[in-house]
Trainee: 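This structure is in C-alpha cells; I'll ask about it shortly.
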Amino acid sequence: MKILVIGSGAREDAICKSLMKNVDNVVFCAPGNDGMKFSKIKTIAIDENDFEHLAKFTQTNNIDFTIVGPEEPLVNGIVDFFKSKKLKIFGPNKKAAQVEGSKTFTKKIMAAAEIPTARYCEFNELTKALDFLKDQEFPIVIKADGLAAGKGVYIAENLADAKVVVSDLLEGHKFNTQKIVIEEFLEGEEFSLMAFVDHKRFYPMPLAQDYKKILDGDKGPNTGGMGAVCPVMNISKELEQTAIETVLKPFVSELYQQGIKYTGIIYAGLIKTKKGIKVIEFNARFGDPETEVVLPRLESDLSEIIFSILNHKKLESIKWQQKGLNLGVFAVSKGYPTKPVFGSLGDRDSFKKCPLAINYAAVKREQEQLFSHGGRLYLMQAQAKSVEEAQKKVYRELQKMDQANIFYRRDIGKNSI
Ligand code: AMP
Ligand code: GLY
C-alpha cells in the first residue's frame, strides 16, 4: 500500500518505520524531517496544516490512506476535509478531536460516563476565577481550555502564583485562551494507555510511561517528553485491566452514545493515586514519545490494522511482543525547553554507525552534517530484558555520539527499576 503520514517528529518517524516493516508498503511523510532521509521514508515538503496540498498529493499519487500524527491538523478538521474529497484518512474528525482540543468537552464526557478524574471548575471570567481561588488548597492545577502545544498546564504552589497564571490566561489571553479549567492536584505515578478505536470497538496497546520533566529525578519544567518505556514494569496486569475497564471502555462507549463516531487513536494519560486510577487527560492521537517505544513492539502489521479499522472490519487480535521492554531516551538541545541553542550534531556516519534504533525529530541536514533546529532532536532506543540493560545500551551509545550541543536525562526508566 501507499501511505501518507502527516507530521515531522520522532513519533511520525516511528509510525513510518512500523508501516515499513511490511516491505510492500511505500511510506511518505509530510513534511517529515531530514533525519528520516536516512531511511526509505519519502519526505514531502508540504506543511501539516496545508490541507489543500496534502489532499492533492494523495490524489495525484494514489495514496491508499493517510495517518495524522499531531493534534493540530485534527483539531483544525483535516479529517473532515479529506472525507469531503472521499479520501481515506485515519484520525478523529473535528468534533471528535475535541477530546484533545477542549478540556471542558472531555470533562463532561467523563462525568457522563462516571470516569474518575480530578474535580474541576471552569471559568471564563477573571473575577470569578480569582474569587474561587481564595478558598482553595494548594497546589492547584490551572489549564488553558484549548490546544497549547503541551504548555497550557500550570501547577500553582500558592495563591499568589495561581493569581498570576489565571490573569495571564483570562486577561492576557495567553495561548488565545478564553476559558480555563481549575482542578484538583493529583499525586501518584503517571502512565499512558493508548488504543486503536473504531467507533464502539477499541484495541488497547501495551502501557507506556513518558518522562516529562527536563531533569533527572523528575525535576524542572515540563517538556514534550524526555524519554519513554514500554511496558510499564511497576503497573500490574490487574491495574492495566482496571484502566481498560474503568477508563477506556466507558469513554469510547460514551462518545458513541453521544453520536460521536470516533476513528483513530485515543490516548489516556492516567495517574495511580491512593484512591485508584484517575484520568489526567485524553489526547486524540498517538502519544509522543510513547509511540516510539510502543510501536516497535507491535508484531501485527500496522498498515493492516489501520486499513481494517478504516473499513470498519473487526480485527481478530493484535499481537505484541511479550518479552523484555523498549526504552528510549531523547537527545535535546542544550537550553531546552526555554531557550534551545542550536549547533552541529556531527556527520551522517556517526548516526549510521549507531547499532541502536534512532527516531529523528528536529534535525536538519546540510551536506553530510546534521544540525539541530529545535528542542527535541532524536530518540535513541534499545530493546532489552531489563531496564538496567536497556539503559546501559542507550547511554553507552549516546556517549559515543560525543555531541557538544545536546543534553539528555540519565535516569529514563528509573520508575520501573
Ligand atoms: P496535561 O497536558 O493535561 O497532560 O498535563 C501535563 C502534565 O501536567 C501531566 O502529565 C501532569 O504531570 C501534570 N498535571 C496535569 N493535570 C494534573 C493534575 N490534576 N494533578 C497533578 N498533575 C497534573
Ligand atoms: N506524551 C504526552 C503526549 O503525547 O501528549
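Just so you know, ligand 1 is whichever comes first in the structure, and atom 1 is the first atom listed for that ligand.
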Trainee: Short list, please: which atoms of ligand 1 are under 4.0 Å from a heavy atom of Phe185?
Mentor: 20 (N), 21 (C)
Trainee: Which atoms of ligand 1 are found less than 4.0 Å from any heavy atom of Glu184?
Mentor: 18 (C), 19 (N), 20 (N)
Trainee: Glu122 and Thr104: side-chain donor and acceptor closer than 3.5 Å?
Mentor: no
Trainee: Given Tyr378, which partner from the list Phe351, Phe330, Tyr408 fulfils the ring pair (Phe, Tyr, Trp, His ring centres under 6.0 Å) test?
Mentor: Phe351
Trainee: By number and element, which atoms of ligand 1 are closer than 4.0 Å to a non-hydrogen atom of Asn222?
Mentor: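 Every atom of ligand 1 under 4.0 Å from some heavy atom of Asn222: 7 (C), 8 (O).
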Trainee: So, Lys134 and Asp131, do they make that salt bridge, N to O below 4.0 Å?
Mentor: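 Salt bridge present between Lys134 and Asp131.
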Trainee: Measuring from the heavy atoms of Lys103, does anything fall under 4.0 Å of ligand 1?
Mentor: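 Yes; Lys103 lies near enough to ligand 1 that a heavy-atom distance drops under 4.0 Å.
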Trainee: Using a strict cut-off of 4.0 Å, indicate which atoms of ligand 1 neighbour a heavy atom of Glu190.
Mentor: 9 (C), 10 (O), 11 (C), 12 (O)
Trainee: Relative to Phe81, does Lys85 satisfy both conditions: NZ or CZ under 6.0 angstrom from the six-membered ring centre, and within 45 degrees of the ring's axis?
Mentor: yes
Trainee: Between Phe38, Tyr360, Phe371, which is the residue that forms a side chain to side chain contact (heavy atoms under 4.5 Å, CB included) with Arg365?
Mentor: Phe38
Trainee: In terms of side-chain geometry, is the basic nitrogen of Lys212 or Glu190 positioned less than 4.0 Å from the acidic oxygen of its partner?
Mentor: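 Looking at Glu190 together with Lys212, the answer is yes, because their closest N to O distance falls below 4.0 Å.
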Trainee: Just jot down the ligand 1 atoms closer than 4.0 angstrom to any heavy atom of Lys212, in number order.
Mentor: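 Contacts of ligand 1 toward Lys212, numbered from 1: 10 (O).
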Trainee: Does this structure show an ion pair linking Asp34 with Lys37, if we count only N-O contacts that are shorter than 4.0 Å?
Mentor: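 Result for this pair is yes, salt bridge flagged.
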Trainee: Under 4.0 Å from a heavy atom of Glu183: give me the atoms of ligand 1 that qualify, with their elements.
Mentor: 16 (N), 17 (C), 18 (C), 19 (N)
Trainee: Is a donor from one side chain sitting under 3.5 angstrom from an acceptor on the other, for Asn49 and Glu72?
Mentor: yes
Trainee: Give me the ring orientation class for Phe57 and Phe28: parallel if the planes are under 30° apart, tilted from 30 to 60°, perpendicular past 60°.
Mentor: perpendicular
Trainee: Lys143 heavy atoms, cut-off 4.0 Å: which ligand 1 atoms fall inside?
Mentor: 3 (O), 15 (C), 16 (N)
Trainee: Short list, please: which atoms of ligand 1 are under 4.0 Å from a heavy atom of Val153?
Mentor: 1 (P), 2 (O), 3 (O), 5 (O), 8 (O), 15 (C)
Trainee: Polar contacts were defined as any N/O atom of the residue lying under 3.5 Å from an N/O atom of the ligand; does this apply to Val141 and ligand 1?
Mentor: no
Trainee: May I have the N/O to N/O pairs between ligand 2 and the protein that fall below 3.5 Å, each with atom names and distance to one decimal?
Mentor:
from: ligand 2; atom 1: 1 (N); to: Asp210; atom 2: OD2; distance (Å): 2.8
from: ligand 2; atom 1: 1 (N); to: Tyr267; atom 2: OH; distance (Å): 3.4
from: ligand 2; atom 1: 1 (N); to: Asp288; atom 2: O; distance (Å): 2.9
from: ligand 2; atom 1: 1 (N); to: Glu290; atom 2: OE1; distance (Å): 2.8
from: ligand 2; atom 1: 1 (N); to: Glu290; atom 2: OE2; distance (Å): 3.1
from: ligand 2; atom 1: 4 (O); to: Arg285; atom 2: NH1; distance (Å): 2.9
from: ligand 2; atom 1: 4 (O); to: Asp288; atom 2: N; distance (Å): 2.9
from: ligand 2; atom 1: 4 (O); to: Asp288; atom 2: O; distance (Å): 3.4
from: ligand 2; atom 1: 5 (O); to: Asn283; atom 2: ND2; distance (Å): 3.0
from: ligand 2; atom 1: 5 (O); to: Arg285; atom 2: NH2; distance (Å): 2.8

Trainee: For ligand 1, which part of Ile271 has a heavy atom less than 4.0 Å away: the side chain, the backbone, both, or neither?
Mentor: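 Under 4.0 Å from ligand 1, Ile271 contributes no heavy atoms.
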Trainee: Do the side-chain N and O atoms of Ser192 and Asp210 include a donor-acceptor pair separated by under 3.5 angstrom?
Mentor: no
Trainee: Using 4.0 Å as the upper bound for N to carboxylate O, is an ion pair formed by Glu389 and Lys392?
Mentor: no
